[in-house]
Each structure stands twice: as structure tokens, then as C-alpha cells.
Amino acid sequence: MIQLTIIGSGNVAQHLIKAFSTSSLVEIVQAFSRKKEALIHLLEPEKIVTEFSALKKSDLYIISVSDNAIPEVSSQLPFENQLVVHTSGTTSIDVLDSKNRKGVFYPLQTFSKNKAVDFSVIPICLESENEEDYEILETAAKSISNAVFSISSEQRKALHVAAVFVNNFTNHLYQIGQEICEEHQVPFEVLRPLIQETAEKIKTLDPVDAQTGPAKRHDSVTTNAHLDFITNENQKNIYKILTQSIQDNGKKL
């Protein structure tokens with residue numbers, strides 16, 4: 001049984017607590033939060049600490065805080081030679097304080113506090129400084145997920161950039177689509193089957209093969225009509241950039 005301490009109380013930390021609470025191979029010893037009430041709905045009060053000095057010995061400490069807070073938090077931990085990892089997609093393993101053994105435990109998913117997720121299908125990207133520590137991370141990860149990968153800091157940075165494109169930017173485009181619908185009194189729900197089918201396609205097709213639409217067809221009549229129709233300059237610029245990017249795809253620059 002791996003003894004685990006989670007440091008943090010944000011979206012990722014809370015989802016990790018929920019996931020590990022169902023694991024038969026990992027026991028949550030403690031969780032650290034500046035405010036005890038942030039985690040009181042997930043753990044027994046005696047397992048939640050608000051001071052680093054109250055942390056007990058664990059096999060694994062997962063720091064799940066904002067990226068810029070990771071170095072400071074890791075430096076404040078009151079012990080040495082323990083396995084300490086962070087959950088950041090972009091932050092190098094090297095930012096962790098060298099007084100402890102370092103690693104990364106990065107679940108690649110978008111997390112919202114009030115939206116349940118199935119951790120068994122979430123990819124978890126692992127990195128460590130030595131094989132023994134990797135085995136601990138792998139055992140913990142496999143106890144909650146069926147998709148565990150060994151990923152270096154540089155590879156993880158690439159994954160995070162790609163994730164911003166396919167998740168954050170895509171969701172922003174959903175927002176723009178909703179704004180256009182609302183402006184013209186069209187129910188946004190009319191677009192939901194299209195959104196679903198677009199996501200389903202790439203389970204069997206590469207994105208380049210799944211691409212459709214007027215930009216792909218170089219249908220300038222339609223794209224120009226769309227640009228004439230759009231009154232919001234920000235939306236118009238995004239439309240132009242994405243249209244050009246689709247049309248440039250595959251060209252030698």
C-alpha cells in the first residue's frame with residue numbers, strides 16, 4: 001500500500017483525492033490546504049492539515065498547486081529525501097527543490113470542480129529521476145488509470161501546448177459559436193450533434209483527413225460571405241486566421 005499525501009486544494013487536487021479514495025493500492029494519509037474547509041467534503045477533518053510542519057511521512061507527495069507556486073511549496077516541505085512530484089503540464093521536473101527526490105505526475109485532462117470525470121481513461125504522464133521512484137509513480141497511476149505513459153519534461157511541454165490547441169482554444173471557439181447563435185436567436189443546442197460528431201471522427205480518422213468546410217474546399221464565395229456577415233472584428237480576425245491556416249495546410253512555406 002502506497003502512502004500518499006496531496007498538497008493543494010484546487011481542481012486537480014480535488015479530483016486526485018476523489019480518484020485515489022477508490023484505489024485499493026494507495027492510501028491518502030493527508031492533504032494540505034491553506035483553508036481546511038476547501039477539502040472537508042472529501043476527507044476526514046483529521047487528515048487535512050494547514051501547516052507544512054504537520055505533514056506526516058508518506059511514500060509519495062503530490063504537489064498540485066499553480067505552476068508559479070511549485071518551487072516555493074517544494075522548498076517549504078519540512079523533510080528530505082522523500083519522493084515529491086508536481087502535476088503541471090508545462091513545468092520542468094527541475095523546479096522542485098533538490099532536497100527531495102523529484103518526479104512528475106501529470107493527468108492530461110481538463111478539470112472542473114463540479115464536473116465528474118472517469119479517471120480510468122485519463123492519460124497520466126510520469127517522470128522521475130530514477131527507476132525505483134518511477135515504479136512507485138507507475139503503481140499509483142495504474143491504480144486509478146488505464147493510460148499511463150513515461151513522458152519527459154520536454155515531451156510534456158509539447159503535449160501541453162497541443163492540449164491548449166485541442167481543448168482551450170476549441171472551447172473558446174464553442175463560446176464564439178454560442179455568442180453568434182444568441183445574437184441571432186438560434187438555440188446553441190442545434191450545434192451540439194455537430195460538435196459531438198466532430199470529436200467522434202478523430203477516433204477513426206487523422207484530423208487532417210477529417211477536415212471539411214469552405215476553407216478546406218477553397219470556397220471563397222462562402223468564406224467572403226461569412227466575413228461580410230460577421231460584425232465582431234475579433235471574430236472576423238479569428239475566422240480569417242483559421243481559414244488561412246486550413247488552406248495553407250500541407251503547403252511548403
Side-chain angles (χ1 to χ4, degrees), residues 1-91 93 95-128 133-145 148:
M1 181 75 74
I2 295 174
Q3 307 291 303
L4 169 66
T5 293
I6 294 178
I7 300 171
S9 58
N11 289 343
V12 177
Q14 293 200 23
H15 280 284
L16 284 174
I17 290 171
K18 291 176 185 177
F20 280 119
S21 294
T22 66
S23 170
S24 60
L25 298 177
V26 175
E27 177 190 1
I28 300 177
V29 175
Q30 287 179 312
F32 173 90
S33 173
R34 299 287 184 189
K35 297 180 179 179
K36 202 162 189 172
E37 57 268 24
L39 300 178
I40 203 72
H41 62 295
L42 296 174
L43 291 169
E44 301 93 326
E46 60 270 19
K47 286 191 174 184
I48 307 170
V49 298
T50 57
E51 300 291 337
F52 288 121
S53 58
L55 290 172
K56 298 179 181 177
K57 182 172 173 37
S58 287
D59 300 310
L60 172 61
Y61 298 83
I62 297 180
I63 297 177
S64 186
V65 298
S66 62
D67 290 3
N68 59 0
I70 294 171
E72 180 184 356
V73 170
S74 68
S75 69
Q76 291 186 53
L77 298 179
F79 45 73
E80 296 181 358
N81 198 33
Q82 301 300 311
L83 180 53
V84 177
V85 305
H86 68 65
T87 60
S88 170
T90 58
T91 307
I93 190 174
V95 305
L96 292 164
D97 195 287
S98 58
K99 67 184 176 183
N100 285 298
R101 291 151 27 224
K102 305 175 185 179
V104 177
F105 192 100
Y106 170 50
L108 202 169
Q109 185 54 277
T110 175
F111 294 101
S112 299
K113 285 182 182 177
N114 298 320
K115 175 68 170 63
V117 295
D118 179 4
F119 239 97
S120 68
V121 298
I122 293 177
I124 300 180
C125 304
L126 305 178
E127 183 179 6
S128 69
D133 286 341
Y134 186 86
E135 289 176 359
I136 294 173
L137 294 178
E138 186 176 46
T139 299
K142 286 185 174 180
S143 76
I144 59 174
S145 172
V148 178

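Note that this is a predicted model, so its numbers are computed, not measured.
In this structure, Phe20 and Phe105 have tilted ring planes: the angle between them lies in the 30° to 60° band. Between His15 and Phe111, the two ring planes are tilted [angle within 30° to 60°].
Applying the side chain to side chain donor-acceptor pair (under 3.5 Å) test to every pair with at least one member in residues 22-31, sequence neighbours left out, gives these pairs: Gln3-Glu27, Ser23-Ser143. Counting only residues at least two apart or on different chains, no salt bridge (Lys or Arg N to Asp or Glu O under 4.0 Å) pair has a member in residues 1-25. Applying the side chain to side chain donor-acceptor pair (under 3.5 Å) test to pairs two or more places apart or on separate chains, those with a residue in residues 37-49 are Gln14-His41.
To the nearest 0.5 Å, the span separating OH on Tyr61 from CD1 on Ile63 amounts to 11.0 Å. Atom CG of residue Leu43 and atom CD1 of residue Ile17 lie 4.5 Å apart, to the nearest 0.5 angstrom. Atom CZ in Arg101 sits 11.5 Å away from atom CD1 in Ile93 (nearest 0.5 Å). Atom-to-atom distance recorded for Ile144:CD1 and Phe119:CZ is 4.5 Å, nearest 0.5 angstrom. Atom-to-atom distance recorded for Leu4:CG and Ile136:CD1 is 11.5 Å, nearest 0.5 angstrom. Between the CD1 atom in Ile48 and the CD1 atom in Ile28 there is a gap of 10.5 Å [rounded to 0.5 Å].
Residues Ile6 and Leu39 are not in side-chain contact: their nearest non-hydrogen atoms beyond the backbone lie 4.5 Å or more apart. Inter-residue side-chain proximity for Pro107 and Thr87 is flagged as met; some heavy-atom pair is nearer than 4.5 Å.
Not one N or O on the side chain of Ser128 forms a donor-acceptor pair closer than 3.5 Å with the backbone of Gly103. A donor-acceptor distance shorter than 3.5 angstrom exists from the side chain of Lys36 to the backbone of Pro45, with no hydrogens or angles considered.
Legend: residues meeting salt bridge (Lys or Arg N to Asp or Glu O under 4.0 Å) with Glu138, ordered by chain and number and at least two apart, are Lys142. Residues forming a side chain to side chain contact (heavy atoms under 4.5 Å, CB included) with Thr139 (at least two apart in sequence, or on another chain): Ile2, Leu25.
Across all non-hydrogen atoms, the minimal contact from Val148 to Ser145 is CG2-O, 4.0 Å.
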Distance-only donor-acceptor pairs under 3.5 Å for side chains of residues 74-86, two or more places apart:
| residue | atom | partner | partner atom | Å |
| --- | --- | --- | --- | --- |
| Ser74 | OG | Ile70 | O | 3.2 |
| Ser74 | OG | Pro71 | O | 3.0 |
| Ser74 | OG | Asp97 | N | 3.1 |
| Ser75 | OG | Pro71 | O | 3.4 |
| Ser75 | OG | Glu72 | O | 2.7 |
| Gln76 | NE2 | Glu72 | OE2 | 3.1 |
| Gln82 | OE1 | Lys57 | NZ | 3.3 |
| Gln82 | NE2 | Glu80 | O | 3.4 |
| His86 | ND1 | Ser88 | N | 3.0 |
| His86 | NE2 | Thr91 | O | 3.2 |
| His86 | NE2 | Ser92 | O | 3.2 |

